[in-house]
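Report on one structure; see the data block that follows.
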Amino acid sequence: MKAICNGDREIGKMLYSMSTLFRSQLKEDDWIPIEQELSYCKQYLELFEYRYPNIFTYEIDCPPELSSCYVIKFILQPILENYFIHGIRSKETDNHVRIVVRREHETLTFRVIDNGRGMEAADIAQRNEALRRALDDRNDKFDKKSIGVNNVNRRIQAVYGEKYGIQMQQMPGGGLEVCITVGEREEA
């Protein structure tokens with residue numbers, strides 16, 4: 001409020017978004033509607049619009065009938081964070097992130113697709129193998145660079161089962177697609 005009173009609306013809006021995200025991490029239930037998960041993503045992306053003005057765009061594509069399905073919270077924000085740490089091309093102005101939510105049988109699929117720096121095919125294969133065996137590998141030998149992604153994957157597998165989780169693939173022409181699968185749940 002002090003920033004807004006001093007005429008700095010941009011800083012005020014950034015601080016409000018950050019405090020909303022922090023509060024939701026601490027106070028919200030463990031299960032939230034997809035609509036709320038996507039709202040957190042939007043707030044997070046809006047913060048990075050201040051950090052990277054005019055160099056990236058984003059879109060969120062979720063059919064309305066899926067917005068009331070429940071998921072464990074904060075399964076997407078660490079994926080977005082990874083993009084801003086490792087994938088964004090900060091000297092380019094055409095960066096784009098797209099979040100797509102779909103239902104495939106009784107599975108909810110979230111795809112975070114970017115046109116960033118991507119990863120080498122061998123690194124993706126190694127990462128996918130580590131993610132696949134996340135619950136088997138209890139001695140924490142995973143790559144420390146992607147602790148948030150590993151944590152989300154482990155939470156997903158612990159809650160939904162080992163057939164769910166995160167997988168990555170290289171996008172044609174550059175960038176990365178991170179696919180998050182969870183079981184469908186209509187209520188918390």
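For I60, the side-chain contact (heavy atoms from CB on, under 4.5 Å) partners at least two apart in sequence or on another chain are L38, K42, Y58, I99. When the salt bridge (Lys or Arg N to Asp or Glu O under 4.0 Å) test is applied to R98, the partners found at least two apart in sequence or on another chain are E59, D61. Residues forming a side-chain contact (heavy atoms from CB on, under 4.5 Å) with D123 (at least two apart in sequence, or on another chain): M119, E120, Q126. Residues satisfying the side-chain hydrogen bond (donor to acceptor under 3.5 Å, both in side chains) criterion with R111, sequence neighbours excluded, are E177. Remark: F48 pairs with Y44, F84 by the ring-ring contact (aromatic ring centres under 6.0 Å, His included) rule, at least two apart or across chains. When the side-chain hydrogen bond (donor to acceptor under 3.5 Å, both in side chains) test is applied to E129, the partners found at least two apart in sequence or on another chain are R132. Judged as a side-chain contact (heavy atoms from CB on, under 4.5 Å), and not counting sequence neighbours, the contacts of N153 are L131, A134, Q157, I166. Applying the side-chain hydrogen bond (donor to acceptor under 3.5 Å, both in side chains) rule to E184 yields the partners R103; only residues at least two apart in sequence or on another chain are considered. Checked against side-chain hydrogen bond (donor to acceptor under 3.5 Å, both in side chains), D94 has the following partners two or more places apart in sequence or in another chain: R89.
Summarising the geometry, atom CG belonging to N115 is positioned 9.0 Å from atom CE belonging to M171; distances are rounded to the nearest 0.5 Å. Atom CD of Q36 and atom OG of S67 lie 11.5 Å apart (nearest 0.5 Å). Here OG1 of T109 is found 12.0 Å from CD of Q167. Values are rounded to the nearest 0.5 Å. Distance CZ/R51 to CZ/F56: 11.0 Å, rounded to 0.5 Å. With rounding to the nearest 0.5 Å, the separation of CD in Q43 from CD in Q77 is 11.5 Å.
Between the side chain of R155 and the main chain of F74, a donor-acceptor pair closer than 3.5 Å is present. A distance-only check finds a donor-acceptor pair linking the side chain of T181 to the backbone of G165 [under 3.5 Å].
The environment of CD in E65 is crowded: more than 12 heavy-atom neighbours from other residues, nucleotides or ligands sit within 6.0 Å.
P63 places a side-chain heavy atom less than 4.5 Å from the side chain of R102. Looking at I55 and E92, their side chains never come closer than 4.5 Å, going by heavy atoms from C-beta outward. The closest side-chain heavy-atom distance from L76 to I180 is below 4.5 Å. The shortest side-chain heavy-atom distance between I72 and Y160 falls under the 4.5 Å cut-off. The shortest distance between side-chain heavy atoms of V149 and N151 does not fall below 4.5 Å. With a 4.5 Å cut-off on side-chain heavy atoms, L80 and L45 count as touching. A heavy-atom distance below 4.5 Å is found between the side chains of S90 and Y52. Taking 4.5 Å as the limit, every side-chain heavy atom of V100 sits out of range of all side-chain heavy atoms of F110.
One hydrophobic cluster, built from ILVMFWY side chains closer than 4.5 Å, cannot hold both L66 and I113; they sit in different ones.
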Quiz item: Between I34 and S68, is a side chain to side chain contact (heavy atoms under 4.5 Å, CB included) present by the stated rule, with each step listed?
Solution: CA-CA 6 Å; I34 289 174; S68 62; over 6 Å; no
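Residue I75 is tested with L108, I156, I32 for a side chain to side chain contact (heavy atoms under 4.5 Å, CB included); the sole match is I156. For the side chain to side chain contact (heavy atoms under 4.5 Å, CB included) with Y83, the qualifying choice from V178, D114, L176 is D114, the only one to do so.
Nearest heavy-atom pair, H96 versus T57, reported as atom, atom and distance to 0.1 Å: ND1-OG1, 2.6 Å.
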